[in-house]
Amino acid sequence: MAAKLMQAVWYESYGGGVAGLKHVEVPVPAPNNDEVLLKLEATSLNPVDWKIQKGWLRLVSPRKLPFIPASDFAGEVVEVGNGVRSFKPGDKVVAVTFALGGGLAEYAVTKESLTVPRPPEVSAAEGAGLPIAALTAHQALTQVAGVKLDGSGSQKNILITAASGGVGHYAVQLAKLGNTHVTATCGARNIDLVKSLGADEVLDYKTPDGAALKSPSDQKYDAVIHCATGIPWSTFKPNLSANGKVIDLTPGLSTMWTVALNKLTFSKQQLVPLIVSPKKSNLDYLVKLVSEGKLKTLVDSKYPLSKAEDAWAKSIDGHATGKIIYAVTKESLTVPRPPEVSAAEGAGLPIAALTAHQALTQVAGVKLDGSGSQKNILITAASGGVGHYAVQLAKLGNTHVTATCGARNIDLVKSLGADEVLDYKTPDGAALKSPSDQKYDAVIHCATGIPWSTFKPNLSANGKVIDLTPGLSTMWTVALNKLTFSKQQLVPLIVSPKKSNLDYLVKLVSEGKLKTLVDSKYPLSKAEDAWAKSIDGHATGKIIVEP
């Protein structure tokens with residue numbers, strides 16, 4: 001039997017950079033003893049990945065060419081090798097293969113000893129960002145700097161360079177779990193972001209004080225988590241406490257020379273090269289911190305596997321804020337986004353617009369090419385995420401659209417195409433009574449809390465209410481209507497995403513026939529605010545979170 005094939009990206013020789021990457025179709029690997037096979041959901045890039053490609057670690061990695069790079073990923077267990085006891089197919093996990101790679105593919109194998117469970121509250125992207133970057137920060141702080149992450153021990157003054165980067169942003173958050181004063185350096189555009197992670201003071205590395213690493217509060221550093229490059233020992237030395245340490249995460253020949261010189265001169269101030277040594281217990285601890293909301297992964301950008309070259313180039317550029325993630329989505333649910341469709345417009349579509357599309361076309365029977373007999377449609381909560389798409393899509397068909405919303409959004413909903421709009425707080429609005437006395441052939445019910453008894457007198461003889469948020473009361477009414485042979489129906493809708501429909505919706509946006517209303521945009525660092533606004537339930541259109 002022929003082996004199952006997968007999509008992957010590899011390189012066949014050292015060097016070559018972006019141009020050296022090749023998209024290939026190769027057999028899905030099989031797990032050996034004590035290994036698990038994962039269907040990957042997300043993979044993160046680290047600087048070591050392109051350094052391996054350059055041949056800097058050729059004594060240990062890769063073991064052979066061609067080589068599939070990237071070692072940090074999250075996914076679902078699909079098969080286990082002999083001797084595996086901790087996992088079974090279907091388990092969600094975070095894993096690291098260290099220098100063995102395998103992550104730029106649809107499937108990868110990893111050792112059970114470097115794989116940990118991923119709870120539901122930790123997304124694939126959050127988990128994939130952790131292994132090398134967060135483990136490096138954890139090892140530097142706890143094993144070398146001596147920071148106790150339970151907050152005990154004497155206070156330590158910590159400097160973290162490149163604090164908005166992959167390792168740095170974890171280091172700031174982990175350091176603040178201990179008894180520390182944290183000074184951080186980053187570019188001017190990320191100062192507020194790094195402060196939001198917990199840093200006590202932040203320096204723009206391009207200013208004179210930033211270049212000199214001088215603490216605004218005149219702290220002397222007990223330890224430096226050095227995530228940047230190109231800063232000489234002579235810059236660190238005057239800023240260190242008597243026994244201060246600089247922990248160099250990217251040691252080179254100059255590091256080794258300074259280490260030797262310090263030993264010869266019996267210097268109490270030390271330069272310590274760090275080589276990360278991944279431990280399952282530490283990775284499990286980090287995943288737990290994310291699940292508890294005590295640690296977060298900043299995602300700079302996400303790329304599909306088909307855009308591996310773009311992500312590789314961005315990693316080499318070295319100015320990512322947080323982690324660069326390959327989001328391994330199902331090809332069957334991924335469609336091209338043309339240049340005229342912005343990221344925010346596209347991101348708003350999938351669940352909300354697909355829900356509106358399915359409700360109108362599959363249940364209400366509206367033909368979006370304008371053919372067919374006219375239908376009278378009611379759309380509740382018409383200024384919301386699903387509702388604003390439903391109004392626009394309905395008007396592509398042969399429909400008369402009545403809509404409900406709050407008073408402040410009446411003109412907005414009219415501008416989307418609604419023929420008549422009700423303020424839901426007025427008596428007629430609460431009663432869903434059409435100003436032109438229409439009886440509704442279908443209701444796209446995007447709101448909550450409206451009983452069947454309110455809909456029933458407003459429906460045509462065969463009218464349907466399509467409930468987008470069905471609960472127990474919905475199911476009870478559905479059952480009762482069946483028992484009484486009612487021609488008027490309450491239909492619970494569970495959206496079933498289809499690539500063809502999503503592609504159609506993106507095309508409508510590109511043609512100017514459908515638009516995404518953006519209520520507000522939040523950076524990833526303010527995700528809590530976006531979440532709270534979504535829970536509040538009064539957004540006009542979509543709430544967008546951007547990396």
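All values below were derived from every heavy atom in this structure, side-chain atoms included, with hydrogens, water molecules and symmetry-related copies excluded.
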*To the nearest 0.5 Å, what is the distance between CD1 (Ile68) and CG (Leu104)?*
8.0 Å
*asked:* Quick check for you: to the nearest 0.5 Å, what is the distance between Leu21 atom CG and Tyr11 atom OH?
replied: 8.5 Å
_With Glu35 via side chain to side chain contact (heavy atoms under 4.5 Å, CB included) - residues at least two apart_ = Pro31, Asn32, Val109, Lys111
*Among all residues two or more places apart in sequence or in another chain, which pass the side chain to side chain contact (heavy atoms under 4.5 Å, CB included) test with Lys375?*
Val366, Ile377, Asp441
*Would you indicate whether Lys507, at its atom NZ, is surrounded by more than 12 heavy atoms from other residues, nucleotides or ligands within a distance under 6.0 Å?*
no
*Go through the steps to decide whether Asp419 and Lys395 satisfy the test salt bridge (Lys or Arg N to Asp or Glu O under 4.0 Å), and finish with yes or no.*
CA-CA 9 Å; Asp419 297 288; Lys395 290 307 295 179; 2.9 Å; yes
*Polar contact flag, side-chain donor to acceptor under 3.5 angstrom, Thr426-Asp428*: no
*Would you mind listing every ring pair (Phe, Tyr, Trp, His ring centres under 6.0 Å) that reaches into residues 425-450, with sequence neighbours excluded?*
His445-Phe455
*Tell me yes or no: between the side chains of Tyr389 and Thr516, is some donor less than 3.5 Å from an acceptor?*
yes
*With side chains defined as the heavy atoms from C-beta onward, is the minimum distance between Thr404 and Val421 less than 4.5 Å?*
no
*asked:* Under the rule for salt bridge (Lys or Arg N to Asp or Glu O under 4.0 Å), what residues qualify as partners of Lys88, not counting sequence neighbours?
replied: Asp91
*Verdict with reasoning, Leu505 to Leu393, per side-chain contact (heavy atoms from CB on, under 4.5 Å)*: CA-CA 9 Å; Leu505 293 167; Leu393 290 171; 3.9 Å; yes
*Those residues that, when tested against Thr474, pass side chain to side chain contact (heavy atoms under 4.5 Å, CB included) (two or more places apart)*: Asp467, Pro470, Val478, Leu490, Pro492
*Please say which of Asn458, Val443, Leu459 ends up in a side chain to side chain contact (heavy atoms under 4.5 Å, CB included) with Leu432.*
Asn458
*Does Thr380 use its side chain to pair, donor to acceptor, with the backbone of Cys446 at less than 3.5 Å?*
yes
_Tell me every residue that passes salt bridge (Lys or Arg N to Asp or Glu O under 4.0 Å) with Glu420, counting only those two or more places apart in sequence or in another chain._
none
*Sequence-distant partners of Ala308, side chain to side chain contact (heavy atoms under 4.5 Å, CB included), two or more places apart*: Val9, His23, Tyr326
*Yes or no on side-chain contact (heavy atoms from CB on, under 4.5 Å) for Leu45 and Trp312, after CA distance, side-chain angles and deciding distance?*
CA-CA 8 Å; Leu45 278 186; Trp312 201 260; 3.8 Å; yes
*Report the C-alpha separation of Lys39 and Glu76 in whole Å, then their side-chain angles, then the decisive distance to 0.1 Å, and conclude whether the salt bridge (Lys or Arg N to Asp or Glu O under 4.0 Å) test is met.*
CA-CA 5 Å; Lys39 181 172 178 55; Glu76 180 177 321; over 6 Å; no
_Could you check whether any side-chain N or O of Thr454 sits under 3.5 Å from a backbone N or O of Ile450, counting only pairs where one atom can act as donor and the other as acceptor?_
no
*asked:* Enumerate the ring pair (Phe, Tyr, Trp, His ring centres under 6.0 Å) contacts for residues 336-373, please, sequence neighbours excluded, ordered by first and then second residue.
replied: His357-Tyr504
*Does one side chain, of Lys487 or Asn481, offer a donor that lies under 3.5 Å from an acceptor on the other?*
no
*Listed by chain and number, what are the ring-ring contact (aromatic ring centres under 6.0 Å, His included) partners of Phe87, not counting sequence neighbours?*
none
*State which residues pass side chain to side chain donor-acceptor pair (under 3.5 Å) with Trp50; sequence neighbours excluded, sorted by chain then number.*
Ser315
*asked:* Checking Lys515 now: which residues fulfil salt bridge (Lys or Arg N to Asp or Glu O under 4.0 Å) with it, not counting sequence neighbours?
replied: none
_Test applied, side chain to side chain contact (heavy atoms under 4.5 Å, CB included); reference residue, Gln358; option that passes from Val363, Asn501, Ile466, Val495_ = Val495
*Starting at NE2 of His319, measure out to SG of Cys186 and round the result to the nearest 0.5 Å.*
12.0 Å
*So, Arg337 and Glu345, do they make that salt bridge, N to O below 4.0 Å?*
no
_All side chain to side chain donor-acceptor pair (under 3.5 Å) counterparts of Asp411, not counting sequence neighbours_ = none
*asked:* Walk me through whether Lys456 and Gln488 qualify under side-chain hydrogen bond (donor to acceptor under 3.5 Å, both in side chains).
replied: CA-CA 8 Å; Lys456 189 171 172 59; Gln488 294 175 322; 2.9 Å; yes
*Verify the distance criterion only: is there a donor paired with an acceptor across the side chains of Thr484 and Ser486 at less than 3.5 Å?*
no
